[in-house]
Structures are given as structure tokens and as C-alpha cells.
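Here's the structure, in C-alpha cells; my notes come after.
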Amino acid sequence: MPRHWLIKSEPDVYSIDDLQRDGSTCWEGIRNYQARNYIRDDMAEGDLAIYYHSRSKPPAAVGIARVSRAGYPDHHAWQADHDYFDPKASPDNPIWMMMDVAFFERFAQPISLAQLKADPALEGMLVTQKGQRLSVQPVEPVHFDRVVALGRGG
DNA sequence: GCCAACGTTGGC
DNA sequence: GCCAACGTTGGC
């Protein structure tokens with residue numbers, strides 16, 4: 001059964017507009033083991049993810065992306081001249097994973113973090129919790145549906 | 001730009 | 001295996 005997710009990106013680095021323009025992109029540079037494990041073990045092609053802008057004013061859920069290729073080794077990790085270089089990684093021991101995501105939908109209205117926090121239907125959603133820094137998070141189906149409804153203007 | 005929260009590293 | 005130091009994330 002497909003699962004639901006939330007993925008964070010700083011809009012200055014790669015926004016939903018960039019994704020819409022490009023159609024799809026490789027979701028690279030994940031250097032956190034828990035997020036890596038989700039990509040490696042749980043995220044499947046076709047899964048949908050809320051696209052979330054972090055470090056923006058305000059931070060907000062802005063649309064939906066679709067996993068277009070499930071996890072595969074992040075080859076940037078063993079390229080010494082790359083920003084995401086990790087000396088412990090190698091082709092035999094990739095350590096880190098990336099995936100491809102495709103543009104799926106842009107919300108009619110962004111839903112700010114304050115709105116997400118204020119909505120009783122979203123109580124317990126990880127992104128609303130203090131100190132939650134995971135850039136790839138699982139989302140409960142009911143929470144996912146609620147955020148999408150809000151984003152579409154319902 | 002500040003700084004609290006968190007994950008990782010490395011000395012012991 | 002503990003924990004202080006460090007680097008990063010991300011809301012504010």
C-alpha cells in the first residue's frame with residue numbers, strides 16, 4: 001500500500017516552482033540516517049509527498065510531489081569534489097540514498113506552519129512538533145488528506 | 001541573524 | 001559506552 005510523506009526543501013535552494021519547471025528532479029544530499037532509511041526501505045514509486053518549504057517566510061506546505069523513482073545509491077557521496085561528498089562512502093558501500101520525485105500538484109494556497117499547528121485535525125503531525133528536523137517524514141493518511149484539502153482551498 | 005534542538009563525532 | 005564538543009537545521 002502506498003504511504004504518504006512530507007519532504008522539506010528551502011525554496012531558495014529548490015522550490016516547488018523549480019520542481020514544476022523541471023518536471024522531476026533527483027532528491028539528493030540526504031545525510032541523515034533516519035531519512036535515508038525511509039528512502040531506502042519504505043518509499044515506493046508512486047508514493048505522494050507533501051512538498052514543504054522550510055526556512056521561508058512563512059514556512060509552508062505548498063504542494064504535492066510524487067516519487068517517480070524509488071531509492072538508489074547517491075553517487076555524489078563518493079565524488080570528492082561534490083558538496084555532498086562523504087569520505088566513508090564508496091560504490092561498494094554507498095551509505096546514502098537518493099530518489100527521484102516528480103511534480104504532481106501546486107496548492108491553490110500555501111498552508112503555513114502556523115495553520116498546520118492550529119488545525120485540530122492535524123494534531124500529532126510530525127512537522128508541527130518542535131525540534132522536528134527530519135527532511136523526509138512519514139505522514140498519516142488522514143493528515144495528508146487534510147493538508148491537501150486545505151491546500152486546494154477546502 | 002540568532003539560537004534552541006538535534007544528530008554525529010571522537011576522546012577518554 | 002559515556003558525554004562534551006561540534007555542525008546543522010529551521011523557526012522565529
Side-chain angles (χ1 to χ4, degrees), chain A residues 3-22 24-43 47-67 70-101 103-140 142-144 146-151:
Chain A
R3 299 186 61 177
H4 298 80
W5 307 94
L6 179 145
I7 58 176
K8 295 180 188 174
S9 184
E10 296 182 31
D12 291 348
V13 177
Y14 197 83
S15 71
I16 186 106
D17 295 326
D18 295 321
L19 183 61
Q20 184 166 22
R21 180 196 63 222
D22 295 342
S24 68
T25 192
C26 43
W27 207 254
E28 58 172 3
I30 299 292
R31 295 291 179 267
N32 170 284
Y33 285 104
Q34 199 172 347
R36 187 279 311 269
N37 292 347
Y38 286 132
I39 293 173
R40 185 188 61 191
D41 302 332
D42 298 313
M43 299 184 81
D47 283 2
L48 298 180
I50 295 165
Y51 200 99
Y52 179 85
H53 282 172
S54 63
R55 286 191 73 111
S56 60
K57 295 178 185 175
V62 293
I64 305 173
R66 177 183 168 278
V67 177
Y72 57 101
D74 185 345
H75 57 272
H76 297 127
W78 56 82
Q79 292 170 7
D81 58 344
H82 203 280
D83 286 347
Y84 296 124
F85 177 65
D86 179 343
K88 296 189 293 298
S90 69
D92 289 339
N93 179 30
I95 302 182
W96 303 112
M97 305 288 282
M98 59 206 267
M99 61 182 172
D100 293 354
V101 300
F103 178 80
F104 187 83
E105 178 178 329
R106 189 185 209 291
F107 287 157
Q109 51 191 19
I111 306 303
S112 72
L113 178 61
Q115 288 174 271
L116 298 175
K117 284 180 173 176
D119 190 335
L122 297 176
E123 189 175 356
M125 192 177 177
L126 285 177
V127 75
T128 66
Q129 291 171 19
K130 184 175 181 172
Q132 179 52 64
R133 304 189 313 176
L134 262 186
S135 58
V136 174
Q137 307 178 354
V139 174
E140 299 287 336
V142 291
H143 291 165
F144 186 92
R146 175 66 177 159
V147 173
V148 171
L150 291 170

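Computation of the quantities below employed the complete heavy-atom set of this structure, encompassing side-chain atoms and omitting hydrogens, waters and symmetry-equivalent molecules. Chain identifiers are assigned alphabetically (A, B, ...) following the order of the sequence lines, protein sequences preceding nucleic acid strands; residue numbering begins at 1 within each chain. Fair warning: this is a prediction, and the values are worked out from it, not measured in the lab.
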For [Y], does its backbone N or O pair with a side-chain atom of [X] as donor and acceptor, under 3.5 Å?
X	Y	value
A/Glu105	A/Ala65	no
A/Gln137	A/Leu134	yes
A/Arg66	A/Phe103	no
A/Asp47	A/His4	no

Would you kindly compare A/Lys88 and A/Lys57 by the position of their nearest DNA chain B nucleotide and give the one closer to the 5′ end? A/Lys57

Taking only residues at least two apart or on different chains, which pairs with a member in residues 74-88 of chain A satisfy salt bridge (Lys or Arg N to Asp or Glu O under 4.0 Å)? A/Arg31-A/Asp74, A/Asp86-A/Lys88

Can you tell me which residue pairs pass the salt bridge (Lys or Arg N to Asp or Glu O under 4.0 Å) test with a partner in residues 108-119 of chain A, sequence neighbours excluded? A/Asp119-A/Arg146

DNA chain C-proximal residues of residues 117-137 of chain A, any heavy atom under 4.0 Å: A/Lys117, A/Arg133

Using the ring-ring contact (aromatic ring centres under 6.0 Å, His included) definition, which of the options A/Trp27, A/Trp78, A/Tyr33 pairs with A/Trp96? A/Tyr33

Using the C1' atoms of the five pairs at each end, what is the angle between the end axes of the helix from B/dG1-C/dC12 to B/dC12-C/dG1, to 10°? 10°

Need two values: the first and the last nucleotide of DNA chain B, 5' to 3', having an atom under 4.0 Å from any heavy-atom of chain A. B/dC2 to B/dT9

If you count heavy atoms of other groups shown closer than 6.0 angstrom to CD of A/Glu123, is the number above 12? no

Indicate the atoms forming the closest heavy-atom contact of A/Tyr52 with A/Pro59, along with that distance. OH-CB, 3.3 Å

Not counting sequence neighbours, list each pair that qualifies as a side chain to side chain donor-acceptor pair (under 3.5 Å) and has a residue in residues 7-21 of chain A. A/Tyr14-A/Asp22, A/Ser15-A/Asp18, A/Asp17-A/Arg106, A/Asp18-A/Arg21

